[in-house]
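One structure is given here, and the rest of the page talks about it.
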Amino acid sequence: MSYSGTLLDYYLIIFCLMTSMAASNCNKFNEQNQKKSPDRLSEMRIKMVEYQIEARGVKDTRVLEALRKVPRHLFVPEHLKNQAYADEPLPIGSGQTISQPYIVAYMTEQLQLQDEDRVLEIGTGSGYQAAVLAELVDSVFTIEILDELSEQAQKTLRNLHYDHIEFKVGNGFYGWPEKAPFDAIIVTAAPENIPQPLVDQLKIGGRMIIPVGDFFQELYLIRKTSTGIEKVRKLPVRFVPLQGEP
Ligand code: SAH
């Protein structure tokens, strides 16, 4: 009896020692992981810019810097965080998507933005593109047709202290006449035709980058001139449709 009692005590002491060592190791592991995590994510972001964006020819150093800075993983649903820096679009809920990082960079570069520009975005979605724009210009205006997506994007962007972005819930086809004219417009959902109200709200010399089409879409760069528009076809693309087109 006394022997088995002593053995049991011995086992108990060993067990307690092992579990407390495991727990403290486990805590250490978690602490290290939590400390490492932001670094790991910014490393992934730097690689994303190098391998997906610079490697495909985007050169504008301000655009590259903006993509290195904006924490894309905070703009995707929690369960997709690990894929935030992958070379693909991702679902953001309500049947919508955040664009592939390369497309965000390419479209932004095409607009040749200056600090003091006023930029309108159609299709706030997750708010990621708006954050990239906000890294580059003083005034960003963004319109989203789905209330729940706009709410979520506003929350994310407020937490990141992007205070120079104005939001509107509504049909972006009609633009935002009260805030016009704009130096640049970026449309991140595809209409079948170029919306005339958006052209009207561009300054002379202003640029618009816009996917146009139904199943087959092309990205167009438009420049407004004093006599009309110049339109250059850039890339085949695939965006969600612009809803509520008349
Ligand atoms: N720029 C976004 C991705 C946009 S996905 C980002 O960085 O995450 C396209 C978005 O356009 C979707 O959120 C969709 O709801 C929105 N959208 C579709 N039609 C619209 C319209 N007519 N006006 C405004 N937003 C529209």
Side-chain angles (χ1 to χ4, degrees), residues 45 48 52-53 63 66-67 69-77 80-81 83-111 113 119-137 140-157 159-160 162 165-177 179-180 182 184-199 201 208-214 217 219 237-246:
R45 209 155 47 239
M48 169 191 88
Q52 300 172 34
I53 297 172
V63 173
L67 272 107
K69 191 164 168 203
V70 179
R72 185 172 159 95
H73 61 279
L74 300 180
F75 293 83
V76 303
L80 294 175
K81 274 199 172 19
Q83 281 155 260
Y85 297 101
D87 192 12
E88 59 190 6
L90 293 172
I92 53 170
S94 310
Q96 307 304 320
T97 53
I98 178 173
S99 304
Q100 179 190 12
Y102 167 64
I103 291 293
V104 173
Y106 180 86
M107 290 173 80
T108 309
E109 182 179 53
Q110 292 296 312
L111 293 175
L113 299 172
V119 181
L120 174 67
E121 178 194 26
I122 308 302
T124 313
S126 68
Y128 177 68
Q129 174 74 70
V132 170
L133 295 170
E135 290 289 338
L136 297 167
V137 300
V140 178
F141 303 87
T142 182
I143 308 178
E144 170 57 52
I145 204 165
L146 300 176
D147 198 19
E148 67 274 18
L149 286 183
S150 180
E151 289 288 316
Q152 178 60 43
Q154 290 185 44
K155 219 185 283 171
T156 311
L157 291 164
N159 286 341
L160 291 168
Y162 286 107
I165 304 177
E166 290 187 40
F167 301 87
K168 178 178 171 174
V169 175
N171 187 350
F173 180 92
Y174 299 103
W176 199 337
K179 305 288 182 181
F182 301 101
I185 300 180
I186 179 166
V187 184
T188 64
E192 286 187 31
N193 297 294
I194 295 167
Q196 188 57 41
L198 298 184
V199 174
Q201 289 169 36
M208 171 158 64
I209 187 92
I210 179 169
V212 181
D214 186 1
Q217 300 166 4
L219 196 59
V237 283
R238 189 98 185 94
F239 278 81
V240 296
L242 189 82
Q243 297 171 31
E245 203 178 345

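In listed order, ligands and their atoms are each counted from 1.
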Give a table of atom pairs where an N or O of ligand 1 lies under 3.5 Å from a protein N or O.
unit_1	atom_1	unit_2	atom_2	d
ligand 1	1 (N)	Glu121	OE2	2.9
ligand 1	1 (N)	Gly123	O	2.9
ligand 1	1 (N)	Thr188	OG1	3.1
ligand 1	7 (O)	Gln129	N	3.0
ligand 1	8 (O)	Ser126	N	3.0
ligand 1	8 (O)	Ser126	OG	2.6
ligand 1	13 (O)	Glu144	OE1	2.7
ligand 1	13 (O)	Glu144	OE2	3.4
ligand 1	15 (O)	Glu144	OE2	2.6
ligand 1	19 (N)	Gln243	N	2.8
ligand 1	22 (N)	Asn171	OD1	2.8
ligand 1	22 (N)	Gln243	O	2.7
ligand 1	23 (N)	Gly172	N	2.8
ligand 1	25 (N)	Ile145	N	3.2

Give a yes or no on whether the backbone of [Y] and the side-chain of [X] come within a donor-acceptor separation of less than 3.5 Å.
X	Y	value
Gln217	Ala190	no
Tyr102	Asp87	no
Gln83	Val76	no
Glu166	Phe141	no

In terms of ring plane angle, is the pair Phe75 and Tyr128 parallel, tilted or perpendicular, where the classes change at 30° and 60°?
perpendicular
By the definition side-chain hydrogen bond (donor to acceptor under 3.5 Å, both in side chains), identify the one residue from Thr188, Thr108, Thr124 that meets it with Gln129.
Thr108
